[in-house]
Amino acid sequence: MRVASTQYHTTMNTALQNASYRLEHVMQQMASGNRIMVPSDDPVTSVRIARLNREEAALDQYKENIGALRSRLQQNEALLDGSVSDILQARDLLVWANDGGNTTEDVAAMANALAALRDSLFYSSNSVDQEGRFLFSGTATATKTITLDPAAASGARYTATGNSDSQKVVVGNGVTQTANSTLQEMAPLLNLLDRTIDTLRTPGVQVNDPAVQAVLVATLDGLDTGLNSINTKIATIGGAQNTLQTLEDNHGNVSLSNRQAALTLGQLDYGDAAVKLNGYTTAVQATQKAYAKVSALSLFDMI
Amino acid sequence: MSIINNALTGAAASQIALNTVSQNIANLMTPGYTRQGTLMVSQRATQAGTVSPGDGVKVPSLIRFSDSYKSQQMWQAASELSQRSIPQPYLTQLEQVMGDDESSINSGLDGFFGALNAASVEPTSLPLRQQVITAAEALAQRFNSLNQVLSNQQSSVSQQRVSTIDQINSVSKSIAELNNDIAIAQATGTNASSLIDARDQKIDSLASLVAVQVVEQPDGTRSVSLRDGQPLVVGSRSSNLSVQANPDGSQTLKLAFSAESFTITSTRLGGQLGGLDDYERDVLNPLRQSVSDLAGSVAEKVNTQLAAGYTMSGATPTPAPPNGPLFTFDASGSSGVLRVVDGVLAADLAFSSDPTKPGNSDNLLKVIDVKNLSVTVGSLGSVRMGDANTQMVGRLAMQSQQNQASLATAETVRNQSEESWKSTSGVNQDEEAVSLMQYQQMYQANLKVIAVANQLFDSTLAMMAG
């Protein structure tokens, strides 16, 4: 085929432009370490990577939630532990008070100690968070867990005003974990204690009096029931902590495999890129040399 | 003395040929220059008798080395090339904007639903609730930024179309004028080669603006029309294209030729104009629709779910602020498609499903689940809300990849067609060097003939004198 003289320049220009484009692309890849610069470099893979990133973002949030939830559960557990030791002390006092050898003054003194424990239990039941919301009121967080009405008759002064609903925290895709404990059962317990204190403070009270005995026994039974109930809650919190640990580990594993997959999909193979870079450079050099030779050929040099 | 006459015609012919060679060499680098050759024809004998060899040589005209089939191929390739190269910068810009994971709608959605998830840890915590509103604002901002990029592209496409039309009109007019000059030159017997080169180059420019059909007329002019047959240039007359802006933001093309006027509805305009149409129709408009649909769905689904719940004070969200919906959606919004309602208070996010239980998070869990709802998004159809943006970017990437492949093919085809055109019409300097030497020798030989004839004449005279 006949070739026009300007074709050499055109071919050279096209070759150099193509080579520069390829070189620039490889260098961009090498500088960023990413195989894909824009999604059109590999649409299917970039969709896959984007989906992995979405899952990663969700997992990060679940892991954060688990962290926050654990500290919240620990706080609940500490408060419940406090109540358990109060109840145990109250129980010891009552067992002691039950002893018929106690004088009126003795039991009155015990009543004072019991009153302090009662108030302590009352206050820990109405524990609030930093924003003043009641921790043990179920979902009625604006309402006191236990309300005291001093004007009411002895044994009916404390009323459970919260509810026993659970607050669900999202800890996985469609997985929730209960974050709160409720303390409605604290109301009858406080009422029992309150009635016992009033009974023990009655002037000239006789511990051996069957009526007093009945009050004391009922309260002891009530304390045992309350103790069981709170211990169950503490055990539940422990179980929840274990569940959360398992979930966190699972999220961590999935997250790790996601990251690995994203790396495999999106990371540049430097060896491959270096080979390409070499190839393109050689091609440019060869084209340049060929052009220099060809463009030096002219019949006009001979005439 | 036919020897001298014959030699004279030879010398004259070789001078014309040398002149032509010089023109070719002078235009060695001129783009679009068609090389010329000298057509030599021997003159038949005018004297009677069988021993008369002839009356020398004559040059009836110069040869123009051109192949109109190759020109046509080159013009078609120009249309294809610019149809593919015009949308590519727009596609690349969108890919960079939408493909950047940090600033994408995707990470905006991640942030918003992440904030909702975080709020589930303590549904009544005001800082956690405030974070939901902040994340909602960030999400709206991402939608609006993308929408801004898309509407900037829209106005850029419209402006480019207007300027393309202006260029088409001006180039059509030049072609018509050159047609006129060519017809006159050919009628008066002047060499029209350079005029033809100029006109064909104008046709090449026109072909890259819009795909054309070119028909050669007997008088040397070329008629140019759009692919669907509407005339752009007929002889020395050209038509006038205009753009009419419609209220919906689209544009209508009109073509006026003489007293007639057509509305152009073609979807296969080709060239730059066709490339702009393709991009607007196949990428930009569907994408704007998808972004708008997704923003609308986010607003609608989140608002609907929030309306089913109760605020921290136990109130039902009202249609109006402050304890109204979280988002407002405005498809034609000049200040943005998605906004967070002014004055929404953290405490007024309706996360509870029971007016008496502010700590209840049942409705919050349902709002979180909105991410997994199916939404109908433009050309994608029904997709999961959390995956819609990924699919939008995926589709854009496919379209861009396809266009890049077509562009690479169009570049190769155009390069080949240029090379093919040059192989017929381009100047080769070695070839011209050969011609230069040959015609120089021809000239010298003819002068030698005159010298020989002169010697013969002198010998005759000397004999007579002797």
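Residue numbers start from 1 in every chain, and the chains themselves are labelled A, B, ... in the order their sequence lines are given, proteins ahead of strands. Predicted model, so just to flag it, every value in this text is computed and none were measured.
- Here A:R51 is the residue among A:E64, A:R51, A:M1 with the most heavy-atom pairs under 4.5 Å with chain B.
- The closest donor-acceptor contact from the side chain of B:N360 to the backbone of A:T139 lies at 3.5 Å or more, if one exists at all.
- Between the side chain of A:R133 and the backbone N or O of B:T124 there is at least one donor-acceptor pair closer than 3.5 Å.
- B:M29 contributes atom CE, which lies 6.5 Å from atom OG1 of A:T6 (distance to the nearest 0.5 angstrom).
- Only the side chain of A:T14 comes within contact range of chain B, with heavy atoms under 4.5 Å apart.
- For B:S420, no part lies near chain A; criterion is any non-hydrogen pair under 4.5 Å.
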*Mind running side-chain contact (heavy atoms from CB on, under 4.5 Å) on A:L299 and B:M437 for me, showing each step along the way?*
CA-CA 11 Å; A:L299 191 51; B:M437 286 190 283; 4.1 Å; yes
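- In this structure, chain A has a heavy atom under 4.5 Å from the side chain of B:N415, while its backbone stays farther away.
- With a 4.5 Å cut-off on non-hydrogen atoms, B:N372 touches chain A through its side chain but not through its backbone.
- Considering only heavy-atom pairs separated by less than 4.5 Å from chain A, the leading option among B:G114, B:G99, B:P31, B:P123 is B:G114.
- Contacts between B:R35 and chain A at a heavy-atom distance below 4.5 Å involve the side chain alone, from C-beta outward.
- Residue contact with chain A, scored on non-hydrogen atoms closer than 4.5 Å, involves the side chain of B:E431 exclusively.
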*asked:* side-chain contact (heavy atoms from CB on, under 4.5 Å), that's the test. Do B:Q96 and A:V38 meet it? Break it down for me.
replied: CA-CA 6 Å; B:Q96 278 163 348; A:V38 282; 3.8 Å; yes
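- In this structure, chain A has heavy atoms under 4.5 Å from both the backbone and the side chain of B:P358.
- Within residues 167-177 of chain A, the residues approaching chain B closer than 4.5 Å by heavy atoms are, in numerical order, A:Q167, A:K168, A:V169, A:V170, A:N173, A:T176.
- How far CD of B:Q399 is from OG of A:S40: 11.0 Å, rounded to the nearest 0.5 Å.
- For a residue to count as touching a neighbouring chain, one of its non-hydrogen atoms must lie under 4.5 Å from one of that chain's; by this rule A:D129 touches chain B with the side chain only.
- Only the side chain of B:L365 comes within contact range of chain A, with heavy atoms under 4.5 Å apart.
- Using a 4.5 Å cut-off between heavy atoms, A:F134 does not touch chain B at all.
- For B:L91, no part sits under 4.5 Å from any heavy atom of chain A, backbone or side chain.
- With a 4.5 Å cut-off on non-hydrogen atoms, B:V121 touches chain A through its backbone and its side chain both.
- Of the atoms belonging to B:E122, heavy atoms from both backbone and side chain fall under 4.5 Å from chain A.
- For B:D110 (side chain) and A:A57 (main-chain N/O), no donor-acceptor pair under 3.5 Å exists by modelled atom type.
- Contacts of B:M312 with chain A are made by side-chain atoms alone, with heavy-atom separations under 4.5 Å and no backbone atom involved.
- Contact annotation for A:L297: only backbone heavy atoms (N, CA, C, O) come within less than 4.5 Å of a heavy atom of chain B.
- Within the 4.5 angstrom heavy-atom criterion, atoms from both the backbone and the side chain of B:S400 approach chain A.
- Taking CD of B:E418 as the start and OG1 of A:T11 as the end, the distance is 10.5 Å to the nearest 0.5 Å.
- Taking 4.0 Å as the cut-off between side-chain N and carboxylate O, B:D387 and A:R54 do not count as a salt-bridged pair.
- Using a 4.5 Å cut-off between heavy atoms, B:E411 does not touch chain A at all.
- Under 3.5 Å, the side chains of B:S125 and A:E131 contain a donor-acceptor pair of N or O atoms.
- Among all heavy-atom pairs drawn from A:A50 and B:T390, the shortest one is CB-CG2, 3.6 Å.
- Heavy-atom distances place the side chain of B:I368, and not its backbone, under 4.5 Å from chain A.
- For a residue to count as touching a neighbouring chain, one of its non-hydrogen atoms must lie under 4.5 Å from one of that chain's; by this rule A:D165 touches chain B with the side chain only.
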